[in-house]
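Structure record follows, encoded as structure tokens.
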Amino acid sequence: MMIKNILKNLFTSNVKFIDTDGISYRRLIMINSMLSLSVLVFFSFSYFNAFYMHQTNIAVLDFIIALSSIATLLFLRKTKNISRAAFASTSILIIFMFLFILENKNSNFGIIWSIFIPFLAIYFNGKVIGLNFTLFFFSVMYTLAYTNIGIWNNGAWEFIDFIRYFVATSLITFLVYMSEEAHEEADIELAKVRTNEKKILADLQRLSITDGLTNIYNRRYFDEIAPKLLSLSERHTNALTLFILDIDYFKHYNDYYGHQQGDEVLKSVAKELLLFAKRNHDFVFRIGGEEFAGIVQSSKKEDNEKWIAQLTKRIEALNIEHAATLLPKKVLTVSVGVCTLQENSTATDIETLYKKADDALYKAKESGRNRTVFAP
Ligand code: GH3
Ligand code: MG
Ligand code: MG
């Protein structure tokens with residue numbers, strides 16, 4: 001498991017899949033693993049060529065390639081610039097291949113190594129840049145292979161060998177190109193699906209915490225966010241005030257004006273609440289049929305409560321006709337119960353706070369409605 005993690009870190013330059021796209025991530029792993037392999041292979045080749053084959057020139061070349069691979073690996077780790085690292089490593093390998101062929105002159109069929117170039121160039125750089133690299137590389141290789149007919153391998157390199165080399169490498173290039181094309185297309189489609197899913201997820205998340213009728217936060221979000229706000233306010237020694245609001249004689253309203261008109265009233269009240277509690281740390285919720293809640297915060301308890309005390313007047317000022325109310329003024333009114341989290345209080349959980357605000361609301365109803373009662 002640990003080895004797996006180390007290898008993963010090594011081969012992804014510690015880039016997380018989530019921070020990139022499919023194409024880049026695949027390329028990243030490919031470049032890292034190929035470069036690591038190239039470090040091992042070229043150091044070994046260098047050693048082998050120097051001490052067994054006594055080909056000092058090629059040994060030096062191998063050594064330089066191994067060092068360049070290390071440099072590119074480090075560059076990639078530091079900058080996370082995949083396309084530059086790809087460009088650099090491909091250039092290095094192509095230059096190496098040219099120097100190698102010029103030195104090796106196809107002895108022991110040395111040009112076989114050139115079949116790696118399409119894979120590396122196209123998989124590292126993508127189909128467009130990769131194909132350009134490959135075409136450039138093979139146009140030089142074919143020229144060398146053609147002009148050396150009758151020369152390479154002590155004259156044994158023939159026209160038919162050239163044709164074979166040409167056809168095989170062209171086919172390889174075509175296959176690699178098509179495989180990259182297929183991957184890139186699939187990645188583009190996947191990215192589209194992913195973008196769409198992200199949007200759907202964001203919509204769902206928003207919907208799951210929104211009340212369908214009034215478009216303000218719902219009960220579920222209240223249950224989720226209230227405890228968090230509470231512990232945050234404790235940490236910052238803010239005064240956090242919870243209010244619960246209930247429309248007065250709303251049943252009468254529905255009976256008199258109809259449920260649909262009642263719904264319109266709920267929307268108007270929600271809208272006014274949003275306007276009322278619009279500061280950054282204010283939240284309002286529809287927590288039940290015609291019950292709303294709000295959480296406001298500031299440095300002082302008095303500031304919160306002075307603010308909330310205006311709420312009943314604000315709703316009254318909407319001047320929504322309510323002929324069926326039992327109150328003398330025939331407009332829609334609300335009652336509000338309020339509780340502030342006391343410093344050094346034992347009521348530090350949201351349930352206790354809620355219970356106290358609800359009790360205060362009950363008292364507001366009891367004592368005549370259209371008023372605000374603050375819990376002691
Ligand atoms: P009180 O002043 O004591 O609060 O009297 P009330 O009639 O408002 O009493 P209560 O709060 O118990 O009444 C709740 C009423 O709210 C019952 C129902 O007709 C109405 N109601 C609840 N949900 C909705 C809703 O989604 N739309 C509409 N139009 N009415 C609702
Ligand atoms: Mg009610
Ligand atoms: Mg009511």
Side-chain angles (χ1 to χ4, degrees), residues 193-230 232 240-297 307-308 310-325 331-339 349-351 353-355 357-358 360-362 364-365 369-370 372:
V193 170
R194 217 165 79 156
T195 309
N196 200 27
E197 280 172 352
K198 272 190 196 158
K199 200 186 143 302
I200 292 170
L201 197 67
D203 283 351
L204 279 179
Q205 271 165 344
R206 192 180 49 74
L207 279 177
S208 76
I209 59 171
T210 306
D211 171 55
L213 179 71
T214 61
N215 263 329
I216 67 175
Y217 290 131
N218 61 14
R219 174 93 208 195
R220 180 181 294 134
Y221 194 56
F222 176 82
D223 291 339
E224 184 187 324
I225 195 85
K228 288 183 190 159
L229 291 175
L230 208 67
L232 265 179
L240 180 142
T241 304
L242 167 74
F243 66 85
I244 305 176
L245 176 153
D246 187 289
I247 300 177
D248 296 328
Y249 298 119
F250 197 53
K251 205 175 158 340
H252 292 65
Y253 189 94
N254 275 323
D255 292 347
Y256 192 87
Y257 295 96
H259 209 262
Q260 215 151 12
Q261 183 82 12
D263 282 354
E264 291 307 313
V265 167
L266 291 175
K267 284 193 214 169
S268 305
V269 170
K271 208 165 139 194
E272 188 60 23
L273 270 176
L274 267 186
L275 287 174
F276 181 75
K278 61 174 183 294
R279 288 174 315 172
N280 248 348
H281 300 291
D282 295 345
F283 291 84
V284 289
F285 314 83
R286 181 177 177 218
I287 53 172
E290 36 85 75
E291 267 181 53
F292 298 85
I295 292 175
V296 297
Q297 298 181 71
W307 183 247
I308 292 168
Q310 302 170 24
L311 187 51
T312 50
K313 291 276 162 293
R314 286 272 295 257
I315 300 290
E316 204 183 323
L318 290 177
N319 226 357
I320 300 168
E321 185 196 287
H322 187 354
T325 180
V331 292
L332 189 100
T333 56
V334 297
S335 300
V336 184
V338 187
C339 184
D349 61 297
I350 195 71
E351 287 78 18
L353 202 65
Y354 191 92
K355 172 88 175 55
D358 205 37
L361 171 64
Y362 182 76
K365 291 280 183 190
R369 294 178 173 80
N370 188 21
T372 307

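Predicted, not measured: the structure shown is a model, and the values here were computed from it.
The shortest heavy-atom contact between Asn218 and Ser208 is ND2-O, 3.1 Å. The nearest pair of heavy atoms linking Tyr249 to His322 is O-NE2, 2.8 Å. When every heavy atom of Glu272 is checked against every heavy atom of Ile315, the shortest pair comes out as CG-CD1, 4.0 Å. Taking both residues in full, the closest heavy atoms of Ile308 and Phe276 are given as CA-CZ, 4.0 Å, listed atom of the first, atom of the second, then distance. Across all non-hydrogen atoms, the minimal contact from Arg279 to Gln297 is NH2-O, 3.5 Å. Contact detail for Leu361 and Asp246: the closest heavy-atom pair is CD2-CB, 3.9 Å.
With respect to the salt-bridge test (charged N to carboxylate O, under 4.0 angstrom), the residues Lys278 and Asp282 do not qualify. For the pair Lys267 and Asp263, the salt-bridge criterion is not met [side-chain N within less than 4.0 Å of a carboxylate O]. Contact check on Arg194 versus Glu197 returns no salt bridge, with no Lys/Arg side-chain nitrogen under 4.0 Å from an Asp/Glu carboxylate oxygen.
Here the side chains of His252 and Thr325 are not in contact, with every heavy-atom distance at 4.5 Å or above. Contact of the Arg314 side chain with the Leu275 side chain is registered, since non-hydrogen atoms from C-beta on lie closer than 4.5 Å. Contact annotation: the side chain of Trp307 never approaches that of Thr241 to less than 4.5 Å [non-hydrogen atoms, C-beta and beyond]. Between Thr312 and Val336 there is a side-chain heavy-atom pair separated by less than 4.5 Å.
A cation-pi contact, defined as under 6.0 Å to the ring centre and within 45° of the axis, is absent between Arg369 and Phe250.
Checking side-chain atoms of Arg286 against main-chain N and O of Gly288 turns up a donor-acceptor pair under 3.5 Å. Checking side-chain atoms of Asn215 against main-chain N and O of Thr210 turns up no donor-acceptor pair under 3.5 Å.
If you check the side chains of Gln261 and Tyr256, you find no donor sitting under 3.5 Å from an acceptor. Judged purely by distance below 3.5 Å, without hydrogens or angles, the side chains of Asp248 and Ser335 pair a donor atom with an acceptor atom.
Among Lys365, Lys313, Glu316, the one residue that satisfies the side chain to side chain donor-acceptor pair (under 3.5 Å) test with Asn370 is Glu316. Each of Ile287, Leu266, Val334, Val284 was scored for a side chain to side chain contact (heavy atoms under 4.5 Å, CB included) with Phe292, with one residue passing: Leu266.
Separating the OH atom in Tyr253 from the CD1 atom in Ile247 is a distance of 9.5 Å, to the nearest 0.5 Å. Taken from OG in Ser268 to CG in Leu318, the straight-line distance is 7.0 Å, to the nearest 0.5 Å. Distance check: Thr195 OG1 to Ile200 CD1 gives 11.0 Å after rounding to the nearest 0.5 Å. Once rounded to the nearest 0.5 Å, the distance linking CG of Leu245 with CD of Glu290 reads 9.0 Å. One finds the CG atom of Leu229 at 9.5 Å from the NE2 atom of His281 (value rounded to the nearest 0.5 Å). Atom CG of Leu353 and atom CG of Leu242 lie 5.0 Å apart (nearest 0.5 Å).
For Tyr362, the OH atom sits in a loose shell: 12 or fewer heavy atoms of surrounding residues, nucleotides or ligands are nearer than 6.0 Å.
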I'd like to know whether Leu332 forms a side-chain contact (heavy atoms from CB on, under 4.5 Å) with Val269, so could you lay out the CA-CA distance, the side-chain angles of the two residues, the decisive distance to 0.1 Å, and finally the verdict. CA-CA 10 Å; Leu332 189 100; Val269 170; 3.9 Å; yes
Does Leu311 form a side-chain contact (heavy atoms from CB on, under 4.5 Å) with Leu273? I'd like the steps, not just the answer. CA-CA 8 Å; Leu311 187 51; Leu273 270 176; 4.0 Å; yes
Could you please spell out the steps behind the side-chain contact (heavy atoms from CB on, under 4.5 Å) verdict for Phe243 and Thr372? CA-CA 9 Å; Phe243 66 85; Thr372 307; over 6 Å; no
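The aromatic rings of Phe285 and Phe222 sit perpendicular to each other, their planes meeting at more than 60°, with 30° as the lower class boundary.
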